[in-house]
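Below: the structure, in structure tokens.
Scope of the values below: all heavy atoms of this structure, side chains included, with no hydrogens, waters or symmetry mates. This structure is a prediction, so every number in the text was calculated from the model and none was measured.
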Amino acid sequence: MSDADSLKVPFSRPSISIEEENAVLTVLRSGWLTTGKYALQFEKDFSTYVNQDKILSENRKKAGLDDRDVISLAVNSNTSGMILAMQACDVGPGTAVITTPYTFVSTAMSAVHLGADVYFADIEKDSYSIDPEKVEDILKSEKGKNVKAIVPVHIAGNPCDMEKLCQIAKEYGVKVIEDAAHALPSKTDLGYAGTIGDVGVYSFYVTKTLATAEGGMVCTRSPELAKRMTMMRMHGMDRTTWDRYTSPRASWEYDIVAPGYKFNLPDILAALGVEQLKKVDLFMQKRQNVIEQYNEAFKDLDFIQLPPNSKGNCWHIYLMRIRKEKLNIDRNEFAKLLQKEGIGISVHFIPLFYFTYWKKRYPDFTAENFPEAESKYKSTITIPLWPDMTDEMVQMVINAVKKIGKEHHV
């Protein structure tokens, strides 16, 4: 039995039904398991989904943003997609990106894999999102000359201020690459988060709002960037595997035109994505039901600060922030006590300045220089939030939080 099995309320579980099971079995029985017609179908369906609200085109025009339809490219992880996106935007040796220290390590490490530098901007006082003013401070400085892209992260599915960030990017002649790992289906007045900048990358990891176990989707409105990423996704080859084995043209005839990668999504995972995408709005409605119960239960507790909630928030995870001045225990002890109560928890995220690699790479990359990221990290616990949580499970979480708060209140 795993530790997760012993919990009263697991931290996260994917919502998998008979439709997903049948889709996977169909692929297994087809004799074609790698990237093929299901991956192509997933890309087509995803583009249809994020392009569905044409009224947003007018808002994009008013904001001076590209209003062409979104092109979607399936990849085997968000990390792979971030590397593809950065490479297509000319991130490499002698260049840099700007991102937040309050993110998973792959956001910044993708630039490192391409030989680029990373400059960090603190998060906003009232949210977990990158602070546009801090971004502009970097672009105004000597460092700004090397910057190729701003990389905002839509933490917990709560969208960053994309209009302001895109305006800044346009002024300084840099790209915007959205880390939209948490952001499906966060919908803003400018479109879905992940489709607003030059490129956006989603994650379909097992805990995400759409789960294919591993996987992701890269979205762009630029046919030129899409063409580059399509080629680089599969070894820099001028033909896809599906085309080579289904076209009348000989399968062994192809050319390598660039030093590409192996980032394709196999059909056995894409089949999950095709079915999960049909339910992504339903999943959000179910998470919203949990959120409403949490917010109602916690709103009057003086030791809890409710999560930020901007327009379009898809509530991928619930970032419960404790007010340390109201308790005689810190975040770590509160988290451990929740686990003792049988509640699965996590922390999103450990800021990158805590990790050995980044300390060695940038000696001045310290908590003191990022007070907002440090403050939120030391006070935030991620509590369970997934579509198939029962009301009984939700109440168990609420009861555990209240119990610990009451026992350790000052």
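Looking at every heavy atom in both residues, Arg60 comes nearest to Leu190 through NH1-O, 3.0 Å. Taking each heavy atom of Ala180 and Ala193 in turn, the nearest pair found is CB-O, 4.1 Å.
Around CZ of Phe298, the count of heavy atoms belonging to other residues, nucleotides or ligands within 6.0 Å exceeds 12. Annotation: Lys359, atom NZ; neighbour count of heavy atoms from other residues, nucleotides and ligands within 6.0 Å is above 12.
Salt-bridge check for Lys324 with Asp330: failed, with every basic side-chain N at 4.0 Å or more from each acidic carboxylate O. Salt bridge annotation for Glu224-Arg228: absent, with no cationic side-chain nitrogen under 4.0 angstrom from a carboxylate oxygen. A salt bridge links Lys311 to Asp189: one of the charged nitrogens lies within less than 4.0 Å of a carboxylate oxygen. Taking 4.0 Å as the cut-off between side-chain N and carboxylate O, Asp67 and Lys61 count as a salt-bridged pair. Remark: Arg361 engages Asp117 in a salt bridge, criterion side-chain N to carboxylate O under 4.0 Å.
Residues Asn146 and Thr95 bring no donor and acceptor atom of their side chains to less than 3.5 Å of each other. A donor-acceptor contact under 3.5 angstrom links the side chains of Gln41 and Asp45, judged on distance only. One side chain, Arg321 or Ser379, offers a donor N or O that lies under 3.5 Å from an acceptor on the other. Side chains of Ser203 and Asn78: a donor-acceptor N/O pair is absent below 3.5 angstrom, by distance only. In summary, the side chains of His316 and Asn158 do not present any donor paired with an acceptor at a separation below 3.5 Å, with no hydrogens or angles considered. For Ser375 and Glu372, the side-chain atoms include no donor-acceptor pair closer than 3.5 Å. Neither side chain, Glu214 nor Asn76, offers a donor N or O lying under 3.5 Å from an acceptor on the other. Side-chain contact of Thr103 with Thr100: a donor-acceptor pair under 3.5 Å is absent, judged by distance alone. Using modelled atom types, one finds a donor on one side chain and an acceptor on the other under 3.5 Å when comparing Thr366 with Asn369. Side-chain contact check for Tyr294 and Asn289: no donor-acceptor pair (N or O, by modelled atom type) lies under 3.5 Å. In this structure, a donor-acceptor pair under 3.5 Å is absent between the side chains of Thr207 and Ser12.
Annotation: ring-ring contact (aromatic ring centres under 6.0 Å, His included) contacts of Tyr192 (sequence neighbours excluded): Tyr49. Among residues two or more places apart in sequence or in another chain, the side-chain contact (heavy atoms from CB on, under 4.5 Å) test is passed with Arg323 by Gln305, Glu325, Lys326. In this structure Tyr261 satisfies the ring-ring contact (aromatic ring centres under 6.0 Å, His included) test together with Phe263, sequence neighbours excluded. The side chain to side chain donor-acceptor pair (under 3.5 Å) search around Glu19 returns Lys279, not counting sequence neighbours. Every residue meeting the ring-ring contact (aromatic ring centres under 6.0 Å, His included) condition with Phe365, not counting sequence neighbours, appears here in chain and number order: Phe120, Phe353, Phe370.
Judged by distance alone, with hydrogens and angles left aside, the side-chain atoms of Thr99 form a donor-acceptor pair with the main-chain N or O of Val151 at under 3.5 Å. A donor-acceptor contact shorter than 3.5 Å links the side chain of Tyr362 to the backbone of Val118. The backbone N or O of Cys314 sits less than 3.5 Å from a side-chain atom of Arg287, completing a donor-acceptor pair. Checking side-chain atoms of Gln276 against main-chain N and O of Ser15 turns up a donor-acceptor pair under 3.5 Å. Side chain of Ser47 to backbone of Ser72: a donor-acceptor contact under 3.5 angstrom is found. The backbone N or O of Gly194 sits less than 3.5 Å from a side-chain atom of Glu178, completing a donor-acceptor pair. Arg13 contributes no side-chain N or O that, together with a main-chain N or O of Trp386, makes up a donor-acceptor pair within less than 3.5 Å. One N or O on the side chain of Asp267 and one on the backbone of Gly36 form a donor-acceptor pair closer than 3.5 Å.
Aromatic ring pairs are classed by plane angle as parallel below 30°, tilted from 30° to 60° and perpendicular above 60°; the pair Phe334 and Phe303 is tilted.
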Checklist entry - Could you go step by step and tell me if Val201 and Met217 meet the side-chain contact (heavy atoms from CB on, under 4.5 Å) rule? => result CA-CA 6 Å; Val201 189; Met217 192 73 74; over 6 Å; no
Show me the donor-acceptor pairs, under 3.5 Å and distance only, between side chains in residues 129-138 and residues at least two apart or in other chains.
unit_1	atom_1	unit_2	atom_2	d
Asp131	OD1	Glu133	N	2.9
Glu136	OE2	Tyr172	OH	3.3

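Counting heavy atoms from C-beta outward, Met389 and Pro384 have side chains that approach closer than 4.5 Å.
Checked against the 6.0 Å centroid threshold, Phe349 and Tyr128 do not count as a close aromatic pair.
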